[in-house]
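Contents: one structure, followed by commentary.
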Amino acid sequence: MQSRSNRARSGPNSVRTAMRRVRSALAVGALATALITTTATAASASATTDAQVGVANNMYPAAKDMKDYISTLKSFTPFTANAASQVGGFWNKPAIDTSTMRGITSGSLRQQLKSAGPYTTCNPASSNNCVNGPLHIDAFLSADATNVDAVIPTSLGGTCTASGSVECNGDADSRHLVAVGKLAIYSCNGSWAGSTKGDDPSNAASPPLALGSDANGSGNGKAQSPRCDATPINGGAPTTMSGVKDWLATSGHRIAVADPASAPFGAASKQALVQAGFTWTDSGAGQNVFRGSAGTACKVRLESGISQVRGAVTANAGGNTQLGLVAKSNVMNVSWTSSSLSGTPSNDPNSWTEVNPSAYSGYGDIEQYGVALTGGNTGSAAVWSDLFNNDWDFDSTIQGTLAAYGY
């Protein structure tokens with residue numbers, strides 16, 4: 001299990017209470033009105049501060065929805081963002097991507113923020129296309145506290161020790177709880193399979209889709225298509241983790257999860273399986289956990305990041321990946337770009353059930369933290385710190401957007 005931070009945690013304190021109080025007061029109509037109004041005023045804002053930000057894959061869709069509002073609220077130069085997260089979970093070179101807001105894998109970006117590299121697994125189709133570190137961007141929205149603490153100096157309460165090859169650029173005063181993530185059990189329901197139900201979700205498309213490709217070139221999946229080609233589970237998918245454990249006992253059954261070595265949602269997923277009684281064996285005799293494997297021994301298929309898990313199911317990676325543990329935020333309020341749902345943001349029409357957090361109590365709540373980073377654009381760290389400490393919990397547009405994505 002991934003280690004947890006020993007720093008003071010927000011827990012059920014006034015900050016989280018305030019977040020929930022604000023969210024409970026918002027309706028969908030109010031969210032839509034706020035987003036329309038703030039987007040309309042963005043063009044007239046006077047941007048003064050450049051900024052680049054890496055956002056955990058699970059939170060990237062929500063962050064994209066807020067990018068115009070945040071840039072206006074804090075006078076940032078308007079952010080640019082892609083439809084998809086970064087391939088491989090790292091920060092790619094400008095020759096590949098010039099966007100200023102990017103979806104990343106928390107553990108991968110943490111490595112780039114701290115140390116030189118080289119990092120060569122951004123895109124399985126080529127090499128040497130990642131930015132080598134230490135990476136100087138301006139903010140990091142992680143899927144956990146551990147990766148944020150890992151860029152804050154030990155002298156300020158973090159776990160980062162600077163050396164000749166390691167930098168510690170996290171601003172301790174800006175460290176802030178930004179959301180509490182949730183897991184969901186995901187499967188195809190059979191109603192959204194086939195070529196008439198949306199863009200091809202697999203790498204068999206022409207040209208091959210980069211989105212969803214894990215570090216081994218497998219994975220697959222297009223997040224903006226509701227098409228789901230895996231065979232529906234006979235009798236319906238399990239809706240509890242004990243049910244998942246029992247389902248995995250049958251030969252040929254497999255579940256996709258994020259890699260716990262780099263993705264906090266993967267660490268929570270592993271804990272949920274182990275806590276349910278599944279024997280997690282990732283090496284040696286009896287190995288049943290593999291990266292990108294389709295072999296008969298594979299019961300748990302690891303994907304490089306949480307955004308790849310849904311894709312592994314929708315594309316039926318390896319031929320029989322029928323189940324996945326996804327981030328709830330990745331199946332809510334999706335901006336579909338194909339099928340009859342195109343242009344109408346809505347929840348994923350396939351089968352998914354939220355996992356009770358008690359099922360992964362050994363990991364704890366999936367508390368997601370943000371931190372400002374020094375060493376990037378002039379003045380940007382101070383602006384991000386102000387956003388986290390003075391606006392994030394109390395701004396109705398920010399909290400309403402998070403609520404729309406299930407946080």
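Just so you know, these numbers use all the heavy atoms, side chains as well, and skip hydrogens, waters and symmetry mates. Everything numeric in this text was worked out from a predicted model, so none of it was measured.
- Side-chain atoms of Pro264 and Thr146, non-hydrogen and from C-beta on, never get closer than 4.5 Å to each other.
- The distance from the NZ atom of Lys299 to the CZ atom of Phe290 is 11.5 Å, given to the nearest 0.5 Å.
- Side chains of Ile233 and His253 form no contact here, defined as non-hydrogen atoms less than 4.5 Å apart.
- A donor-acceptor pair is defined here as one N or O able to donate and one able to accept, closer than 3.5 Å; such a pair exists between the side chain of Arg102 and the backbone of Asp97.
- Looking at Thr98 and Thr80, their side chains never come closer than 4.5 Å, going by heavy atoms from C-beta outward.
- In this structure, OG in Ser335 is found 5.5 Å from CG in Asp65, a value given to the nearest 0.5 Å.
- A search for side-chain hydrogen bond (donor to acceptor under 3.5 Å, both in side chains) contacts involving Ser242 returns Thr240, not counting sequence neighbours.
- Contacts of Ala276 classified as side-chain contact (heavy atoms from CB on, under 4.5 Å), with partners at least two apart in sequence or in another chain: Met241, Lys245.
- Ala381 and Leu373 make their closest contact through CB-O, 3.4 Å (heavy atoms, listed as atom of the first residue, atom of the second, distance).
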- Stepwise, does the side chain to side chain contact (heavy atoms under 4.5 Å, CB included) test hold for Lys67 with Val53? CA-CA 10 Å; Lys67 67 181 178 65; Val53 55; over 6 Å; no
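- In this structure, the side chain of Gln112 engages the main chain of Val131 through a donor-acceptor pair within 3.5 Å.
- In this structure the side chain of Ser380 never reaches within 4.5 angstrom of the side chain of Ile137, judged on heavy atoms.
- For the pair Arg175 and Tyr369, the cation-pi criterion (under 6.0 Å, within 45° of the ring axis) is fulfilled.
- For the 3.5 Å distance criterion, the side chains of Thr105 and Asn57 qualify, holding a donor opposite an acceptor.
- Partner of Lys74 under the salt bridge (Lys or Arg N to Asp or Glu O under 4.0 Å) criterion, out of Asp68, Asp391, Asp50: Asp391 alone.
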- Task: Decide yes or no on side chain to side chain contact (heavy atoms under 4.5 Å, CB included) for Tyr363 and Val274, but give the supporting numbers first.
- Result: CA-CA 11 Å; Tyr363 177 88; Val274 170; over 6 Å; no
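- Legend: residues meeting side-chain hydrogen bond (donor to acceptor under 3.5 Å, both in side chains) with Ser115, ordered by chain and number and at least two apart, are Tyr119.
- For Asn377, the side-chain hydrogen bond (donor to acceptor under 3.5 Å, both in side chains) partners are Asp138, not counting sequence neighbours.
- Defined by atom type and a distance below 3.5 Å, a donor-acceptor pair is present between the side-chain atoms of Asn58 and Tyr407.
- Proximity of a side-chain donor or acceptor of Thr374 to a complementary backbone N or O of Asn169 within less than 3.5 Å is detected.
- A 4.5 Å side-chain heavy-atom check between Leu113 and Trp91 finds every atom pair outside the cut-off.
- Judged purely by atom type and a 3.5 angstrom limit, Glu167 has no side-chain atom pairing as donor or acceptor with the backbone of Ala162.
- Here the side chains of Ser307 and Tyr60 are not in contact, with every heavy-atom distance at 4.5 Å or above.
- Classified by interplanar angle (parallel below 30°, tilted 30° to 60°, perpendicular above 60°), the ring pair Phe79/Trp384 is tilted.
- Of the possible donor and acceptor atoms, one in the side chain of Gln287 sits under 3.5 Å from a partner among the backbone N and O of Val289.
- Looking at heavy atoms from C-beta onward, Ser142 lies out of side-chain contact with Arg110 at the 4.5 angstrom threshold.
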- Dump the intermediate steps for side chain to side chain contact (heavy atoms under 4.5 Å, CB included) on Thr77 and Thr100, then the final yes or no. CA-CA 10 Å; Thr77 301; Thr100 58; over 6 Å; no
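- Here the closest heavy-atom approach between residue Ile185 and residue Pro238 is recorded as CG2-O, 3.5 Å.
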- Under the side chain to side chain contact (heavy atoms under 4.5 Å, CB included) criterion, do Val334 and Asn347 qualify, and how do the steps go? CA-CA 6 Å; Val334 182; Asn347 295 346; over 6 Å; no
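- Between Ile398 and Met66, the closest heavy-atom pair is CA-SD, 3.6 Å.
- Closest heavy-atom contact between Gln275 and Ser361: NE2-OG, 3.0 Å.
- The side-chain contact (heavy atoms from CB on, under 4.5 Å) search around Asn350 returns Tyr186, Cys188, Asn189, Trp192, Cys228, Asp348, not counting sequence neighbours.
- Heavy atoms from other residues, nucleotides or ligands lying under 6.0 Å from CG of Asn234 number 12 at most.
- Qualifying side-chain hydrogen bond (donor to acceptor under 3.5 Å, both in side chains) partners for Asp229, counting only residues two or more places apart in sequence or in other chains: Arg227.
- Looking only at distances, a side-chain donor or acceptor of Ser174 sits under 3.5 Å from a matching main-chain atom of Ala372.
- Atom OG of Ser269 sits about 10.5 Å away from atom CG of Asp259, to the nearest 0.5 Å.
- In terms of heavy-atom proximity, Trp280 sits nearest to Asn288 at C-OD1, 4.0 Å.
- Note that CH2 of Trp336 and OG of Ser225 are 7.5 Å apart. Values are rounded to the nearest 0.5 Å.
- In this structure, CD1 in Ile152 is found 7.5 Å from CG in Asp171, a value given to the nearest 0.5 Å.
- Side-chain atoms of Phe140 and Asn147, non-hydrogen and from C-beta on, do get closer than 4.5 Å to each other.
- The distance from the CG atom of Leu325 to the CZ atom of Arg310 is 15.0 Å, given to the nearest 0.5 Å.
- The two residues Ala268 and Tyr360 make their nearest non-hydrogen contact at O-CB, 3.6 Å.
- Judged purely by atom type and a 3.5 angstrom limit, Asn92 has no side-chain atom pairing as donor or acceptor with the backbone of Cys130.
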